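Encoded as structure tokens, the structure appears first; notes follow it.
None of the values given here were measured: they were computed from a predicted structure.
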Amino acid sequence: MAIDDTGAIRLSTPPPDHEARYRRRARIGDALVVALWLSSAVAVALFLVSGGTARFGSVADAVTSVGIMTGLVGTNLVLAMFILAARVPFIDRAVGHDRAIAVHRALGKPAFYLLLAHGLILLVGYGLASGINPIAEIGPLLAIPDMPLAIVGMALLVVVVVTSLGSVRRRFSYETWHLTHLLSYAAVIASVPHQLSIGSVFSPFSLERAYWLALYVLAFGAILTHRLVEPLASSLRHRLRVGRIETEAPGVVSIYLTGRRLRSLESAGGQFFVWRFWTLGTWWHSHPVSLSALPTDTEMRITVRDLGGGSRSISAVRPGTRVWFEGPYGVFTDAGRTAPRLAIVVAGIGITPVRALLEDSKLRPGEATILLRASTLDDTFLWGEILQLAERKGVEVTTMIGPRARRGPGWMTQADADRGLTILGLFPDLLESDLYLCGPTPWLDLVEADARAAGIPDHQIHAERFDW
């Protein structure tokens with residue numbers, strides 16, 4: 001640590017554990033990517049070594065074999081998507097839930113196209129083999145046992161893919177979209193019988209059969225364990241209920257939850273839980289909401305803004321309401337840091353994980369700088385708590401209140417943009433900092449783009465988006 005000519009504290013070297021933790025997570029992330037693609041290669045290789053190479057003797061056989069392989073890879077990717085969405089603690093700690101879901105989404109279209117190609121290519125291959133038009137082959141295929149069920153599974157998958165498109169997804173509430181997305185499980189289950197009765201990949205006593213059964217067990221086992229059994233057991237163990245509700249600002253409330261042995265959850269500041277409030281109007285809703293303060297052994301706090309029907313409904317729950325939960329999740333925490341300094345930019349309801357992150361972080365004086373951004377004074381809820389924590393920990397805080405600029409950096413106020421303020425002006429040590437961003441997605445995207453243009457490496461940007 002050193003003091004420059006202006007009296008500011010400078011950190012000459014990064015805390016040693018930050019670099020080591022980043023490299024360890026990077027290695028695990030790389031290994032997960034390799035495992036993902038290796039699993040698809042294994043699926044194809046097992047098909048080829050189990051007699052698939054002998055199925056290229058004619059054009060019809062070659063086309064049919066290609067159709068089978070596209071189905072294998074497509075199914076493999078879907079099962080990998082299930083594992084990524086299962087909130088497996090190992091994956092969550094290694095790469096973060098947000099990045100795991102980003103990969104999950106990125107695999108969606110390729111998996112869908114491969115499975116669609118699987119059906120179309122097989123129609124062509126069967127048509128070539130029987131000497132009839134591929135369209136005319138549909139009738140005989142429907143007569144094959146379990147094939148109609150596979151077509152139903154494909155139809156369900158189409159519904160899931162279409163409703164997952166960004167332009168379509170925004171038309172639904174989170175709850176409706178989530179329930180629709182569960183159809184993907186039914187789609188895969190519906191396809192299993194036709195693999196057993198038609199496909200050769202499940203031939204008895206084969207390596208293929210062992211591989212695919214293991215993959216199905218792993219995918220569905222992860223979902224059942226981490227999305228159902230563990231949350232149920234944890235909810236029963238900790239006995240959460242709504243204790244009290246306090247209004248923070250118009251449309252913003254803090255919900256205090258009481259329970260027992262809550263510190264044993266080992267949640268870190270910046271993490272979120274998925275909450276389910278057991279009332280007639282909300283029991284079927286699941287709400288991903290960050291903690292807005294570190295829990296005590298008997299109390300947790302979340303802060304919710306009225307952003308639609310779901311958040312509005314939980315803002316009105318009564319004290320005593322039983323609460324079930326999943327989590328904690330996410331790496332928007334002090335453990336995600338890789339650089340010697342810390343820069344935080346936050347707006348709106350994004351204040352909630354940042355407030356808990358600041359409370360939990362072990363900071364030296366001068367190590368961190370925070371920019372609090374709001375459009376109006378009504379949006380400055382929890383700012384007082386941030387300022388108190390910042391004063392106690394020696395953190396510099398800058399505030400920025402006003403509508404977004406129409407000229408210059410669109411995430412600032414117009415007055416700040418007109419006077420030439422830049423992100424490097426706000427954070428002179430940005431390139432030596434981890435940048436934590438949280439707030440509305442369109443605004444956050446502008447901040448992130450500005451930071452990247454200033455030269456900060458991607459691995460030093462940690463963004464928590466409130467979308468799905």
Side-chain angles (χ1 to χ4, degrees), residues 29-30 32-44 66-88 91-92 94-122 150-192 194-195 212 215-216 218-224 226-227 274 286 288 326 329-330 441 445 463-468:
D30 290 343
L32 290 173
V33 171
V34 170
L36 172 64
W37 295 115
L38 183 61
S39 64
S40 294
V42 168
V44 172
V66 170
I68 292 173
M69 288 188 290
T70 59
L72 295 176
V73 176
T75 302
N76 196 90
L77 293 182
V78 169
L79 294 175
M81 290 170 64
F82 286 179
I83 295 171
L84 290 170
R87 298 179 181 139
V88 179
I91 296 177
D92 187 67
V95 300
H97 178 69
D98 55 342
R99 293 185 180 179
I101 292 299
V103 176
H104 167 90
R105 290 176 178 171
L107 293 176
K109 286 184 179 179
F112 172 69
Y113 293 148
L114 285 165
L115 292 174
L116 190 62
H118 165 68
L120 295 176
I121 294 172
L122 284 182
I151 293 174
V152 169
M154 190 65 201
L156 292 175
L157 198 59
V158 169
V159 173
V160 172
V161 171
V162 170
T163 55
S164 296
L165 298 174
S167 58
V168 178
R169 189 173 70 244
R170 286 189 289 269
R171 298 176 182 270
F172 294 95
S173 67
Y174 171 79
E175 293 79 18
T176 302
W177 172 85
H178 185 261
L179 288 173
T180 303
H181 211 63
L182 294 179
L183 292 175
S184 58
Y185 302 141
V188 172
I189 292 172
S191 69
V192 173
H194 100 279
Q195 290 178 297
W212 284 101
L215 191 56
Y216 273 106
L218 178 62
F220 282 95
I223 292 166
L224 289 173
H226 301 295
R227 299 296 299 274
V274 179
S286 58
E326 301 174 40
Y329 300 126
T441 295
D445 289 341
E464 185 84 338
R465 288 172 168 81
F466 288 99
D467 63 2
W468 42 273

Check [X] against [Y] and note the closest heavy-atom contact, atom names and distance.
{"X": "S286", "Y": "V274", "value": "CB-CG1, 3.7 Å"}
{"X": "G74", "Y": "A111", "value": "O-CB, 3.9 Å"}
{"X": "I101", "Y": "A85", "value": "CD1-CA, 4.0 Å"}
{"X": "V44", "Y": "M69", "value": "CG1-SD, 3.6 Å"}

Between [atom1] on residue [X] and [atom2] on residue [Y], distance to nearest 0.5 Å:
{"X": "T75", "Y": "L115", "atom1": "OG1", "atom2": "CG", "answer": "5.0 Å"}
{"X": "T441", "Y": "E464", "atom1": "OG1", "atom2": "CD", "answer": "10.0 Å"}
{"X": "H226", "Y": "I83", "atom1": "NE2", "atom2": "CD1", "answer": "10.0 Å"}
{"X": "I189", "Y": "Y216", "atom1": "CD1", "atom2": "OH", "answer": "9.5 Å"}
{"X": "L72", "Y": "S39", "atom1": "CG", "atom2": "OG", "answer": "11.5 Å"}

Side chain to side chain donor-acceptor pair (under 3.5 Å) involving H104 - partner list, sequence neighbours excluded: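 Listed in chain order: nothing, the list is empty.
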side-chain contact (heavy atoms from CB on, under 4.5 Å) assessment of L32 paired with V103: CA-CA 11 Å; L32 290 173; V103 176; over 6 Å; no
Kindly write out the residues that satisfy side chain to side chain contact (heavy atoms under 4.5 Å, CB included) with [X], not counting sequence neighbours, or none if the list is empty.
{"X": "V33", "value": "W37"}
{"X": "H118", "value": "T70, L122, H194"}
{"X": "V158", "value": "F112, V162"}

Item to complete: Applying ring pair (Phe, Tyr, Trp, His ring centres under 6.0 Å), name anything that partners F82, two or more places apart in sequence or on another chain.
Response: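 Result, ring pair (Phe, Tyr, Trp, His ring centres under 6.0 Å) vs F82: Y185, F220.
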Please evaluate residues R87 and D92 with respect to the criterion side-chain contact (heavy atoms from CB on, under 4.5 Å), reporting the C-alpha separation (whole Å), side-chain torsions for both, the decisive distance (0.1 Å), and the verdict. CA-CA 6 Å; R87 298 179 181 139; D92 187 67; 5.9 Å; no
*Start with the C-alpha distance between L36 and L107, add both sets of side-chain angles, then the distance that settles side-chain contact (heavy atoms from CB on, under 4.5 Å), and finish with yes or no.*
CA-CA 10 Å; L36 172 64; L107 293 176; 4.0 Å; yes
